[in-house]
Protein chains: 2
Amino acid sequence: MARARTSSGKVRLTEVAKLAGVSPITASRFFRNPEALSPAKRERVDNAARQLGYVPDLAARALASRRTEVVGVLIPSFTNNVFSDVLRGIYDGSGESRYSIQLVNTDYSILQEEKLLRLFKAQRPAGLVVTGINQTAESRAILESMNCPVVQIMELGPDPIDMMVGFSHNAAAFAVISHLIELNFKRIGFLGARMDPRVQRRLEGYTDAMRRAALYDPRLIITTPVSTSVTMGGTLFADLLMKAPDLDAVFCVNDDLALGTLFECQRRRIQVPEDIAIVGFNDLEYVASAVPPLSSVRTNRYDMGRIAITMLMDAIEGRPAPAPVIDLGFELMLRRSSAARRA
Amino acid sequence: MARARTSSGKVRLTEVAKLAGVSPITASRFFRNPEALSPAKRERVDNAARQLGYVPDLAARALASRRTEVVGVLIPSFTNNVFSDVLRGIYDGSGESRYSIQLVNTDYSILQEEKLLRLFKAQRPAGLVVTGINQTAESRAILESMNCPVVQIMELGPDPIDMMVGFSHNAAAFAVISHLIELNFKRIGFLGARMDPRVQRRLEGYTDAMRRAALYDPRLIITTPVSTSVTMGGTLFADLLMKAPDLDAVFCVNDDLALGTLFECQRRRIQVPEDIAIVGFNDLEYVASAVPPLSSVRTNRYDMGRIAITMLMDAIEGRPAPAPVIDLGFELMLRRSSAARRA
DNA sequence: ATGATTATTGACAGCGCTACCACCGCATTG
DNA sequence: CAATGCGGTGGTAGCGCTGTCAATAATCAT
């Protein structure tokens, strides 16, 4: 029966199959699992597809197979430089694969995250990447009901939903503070903004290290729930100086705060590191060229994204990861801003 | 006929229709255009859907209607802060709408862009956002054949594919240089990295302004195709000083280069702005808190994203934009780093 | 050699939704 | 009062692809 609603010149699988002299289903298999075909047919289908310029229809495929080739990625913020590196890793890693990345932003809200997960569920994603380990119970339930591999990134925790790639923020902060204590710094301040879970854990690491050395003093800690910025770094540092004028070092939970602190020191003619040492976090590109170069904690954000998406794709395709939890560690990048000043 | 392959507990439109006592078509219409239903049926379908927790299947919808609700967004880089603001605008703008954003990264390559457009074409997107106006002829052809609204962002040009939101990089650079010339700066350097089309146009603006004042000197221009960074700013500035030791001002094509230049000045004990003035571009958050605060050019990146996606969604839904080309302009943010130094 | 296993292939029947068109009943019009 | 228009509704027939399973051909173990 002739219908007005016929395809708009689009090449369909059937045409490819006809030209190749095989059944549509065989042609279909060629695109999904070429190994299953005999070499002869494989080549015939390949030629036919090439000749016709065939491109599979993803919607039809998704409908028929009841799964998509979409990988959902939930990150808290587009603005934060930290995530742009992770993203680069994710996109690079998914590169030539058939999976497409569906990126969404939770705005640091676990309720927003839950809502987005619900949305994803309706889409039957092939896999998901979520940030952090602080999902709501409901989010976890949704995630578990989705029956697809999940990678949690950015940090590690005791109870992975499925897979994890990250590092211990607590340990990183602990290492920074222990190092400063070894250098004989005593009044080490803590500057934190936004106070998301990762930042909270850096605060815990700081607190542990300070307590262990009997140097803990709540007046050394300044935090704000407001989002982070260089300007905020200056503001928080000014506050800290007021509360603890005898300060000799500052650990900032990120490099923006550290840079803001450095600028504030320049403004007040405070010598860094002679008067006050500064350590940042993330080791963004710019810290090394500041004056003086800022110490920081290098984290493997690009690799984190890359490894996460690779693990995820492997899991989707039934190649289970050798280890479900990967600790990428961190590295103290010690520069002049925290150079030793006392014997 | 009983089939093994029945739906996995998923609620379908048919069930909703049955419960509401209407035909599936009517139920379908409820989700796409509720106004078309009589109030009585509208409410019945609404109740039924709510009661069953119905969520439309996007793949089935896409297959049947032969279009998707995906908006493709092509940007050159995730790392560049500039785009993160645009992205925020895009995501915020698409917020509660039914459109989902499919973000891809061209890595500043128009060939990669062409390839990605080809990929998008197979997906029948509802609309597209592309960066800049330097598409290949082939890309333009693909774009035009796709039959969906397109917004070009970041800059303006004479021959829009469809719609445009941006500003004139040429005019912005021209304004900066004209201002510096008015302040009696004469040996104004130009620092450029990555040299993408927008940066090229800033160089043109610089050149125009310098020529017009008979101050043009190719020795004042340093560029590199390498990607931009704060460190690169320092390196380029050092080069520039070598070629033009009598330099009295530097225009950097972005704030990272400007910050790198500032750091290099600090390292060499060059006074800013007394010895050399610095102007950046983009007005990123940090420039205002540098010491001295850096002059820059504010651009409305967030609005650009937001307006672009809004125009696009309007066009998709048949509400044509009042103006297809929107110039968001720019604003010179004059700060101490380029304060007047001569009468 | 013979049954059993494996590799290839194809027929069938939808996946869940919407485009298209026909239809119904009511109001408006000449 | 028939002709016309229109908002609202439903029936039919796929959209382009793949899961399932059966059939066949090729290979293997005994």
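Chain A is the first sequence line, chain B the second, and so forth, proteins listed ahead of strands; every chain is numbered from 1. From a predicted model like this one, the values you see are computed outputs, not experimental measurements.
- When each of A/Val70, A/Val129, A/Leu87, A/Ile309 is tested with A/Ile101 by the rule side chain to side chain contact (heavy atoms under 4.5 Å, CB included), just one qualifies, namely A/Ile309.
- For the pair B/Asp314 and B/Thr310, the minimum side-chain heavy-atom distance is below 4.5 Å.
- Of the candidate nucleotides C/dC15, C/dG16, C/dT18, C/dC15 has the atom lying nearest to any side-chain atom of A/Ala64.
- An OP1 or OP2 oxygen of C/dG16 is reached within less than 4.0 angstrom by no side-chain nitrogen or oxygen of B/Arg61.
- Nucleotide D/dC17 holds its P atom 13 Å from the CD atom of A/Glu69, rounded to whole Å.
- For the pair A/Phe31 CZ and D/dC17 C1', the interatomic distance rounds to 12 Å; values are reported in whole Å.
- Counting heavy atoms of neighbouring residues, nucleotides and ligands inside a 6.0 Å radius, atom CZ of A/Arg50 does not exceed 12 of them.
- One atom, NZ of A/Lys18, and another, P of D/dC17, lie 13 Å apart when rounded to the nearest Å.
- Proximity of A/Arg66 to the phosphate of D/dG19: no side-chain N or O atom is located under 4.0 Å from OP1 or OP2.
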Between B/Arg124 and A/Asp57, does the salt bridge (Lys or Arg N to Asp or Glu O under 4.0 Å) criterion hold? Intermediate values first, please.
CA-CA 9 Å; B/Arg124 310 171 198 265; A/Asp57 183 310; 3.8 Å; yes
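- Here C/dC15 presents its P atom at 18 Å from CG of A/Asp57, a figure rounded to the nearest Å.
- One can place CG of A/Leu63 at 18 Å from P of C/dA13, the figure rounded to the nearest angstrom.
- Taking CD1 of A/Ile25 as the start and OG of A/Ser28 as the end, the distance is 4.5 Å to the nearest 0.5 Å.
- The shortest side-chain heavy-atom distance between A/Leu128 and A/Leu143 falls under the 4.5 Å cut-off.
- When rounded to the nearest whole Å, the span between CG of B/Leu58 and P of D/dG16 equals 19 Å.
- Near DNA chain D, meaning a heavy atom under 4.0 Å away, there are no residues from residues 44-54 of chain B.
- For A/Leu13 and D/dG19, the CG to P distance is 12 Å, given to the nearest whole Å.
- The CG atom of A/Asp107 sits 12.5 Å away from atom CG of A/Leu74, with the distance rounded to the nearest 0.5 Å.
- Using a 4.0 Å cut-off, some side-chain N or O of B/Arg67 falls inside it from OP1 or OP2 of C/dA19.
- A/Arg32 has a side-chain polar atom (N or O) that falls below the 4.0 Å cut-off from OP1 or OP2 of D/dG19.
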Please test B/Phe83 against A/Phe78 for ring-ring contact (aromatic ring centres under 6.0 Å, His included), starting from the C-alpha separation and ending with a verdict.
CA-CA 9 Å; B/Phe83 293 107; A/Phe78 293 134; over 10 Å; no
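- The closest side-chain heavy-atom distance from B/Phe167 to B/Arg198 is not below 4.5 Å.
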Below 3.5 Å between N/O atoms, which protein atoms pair up with nucleotides 5-10 of chain C? Just atom names and distances, please.
from: C/dT9; atom 1: OP1; to: A/Ser38; atom 2: OG; distance (Å): 2.7
from: C/dT9; atom 1: OP2; to: A/Ser38; atom 2: N; distance (Å): 3.0
from: C/dG10; atom 1: OP2; to: A/Ser23; atom 2: N; distance (Å): 3.1
from: C/dG10; atom 1: OP2; to: A/Ser23; atom 2: OG; distance (Å): 3.0
from: C/dG10; atom 1: OP2; to: A/Thr26; atom 2: OG1; distance (Å): 2.4
from: C/dG10; atom 1: O5'; to: A/Ser23; atom 2: OG; distance (Å): 3.4
from: C/dG10; atom 1: N7; to: A/Arg29; atom 2: NH2; distance (Å): 2.7

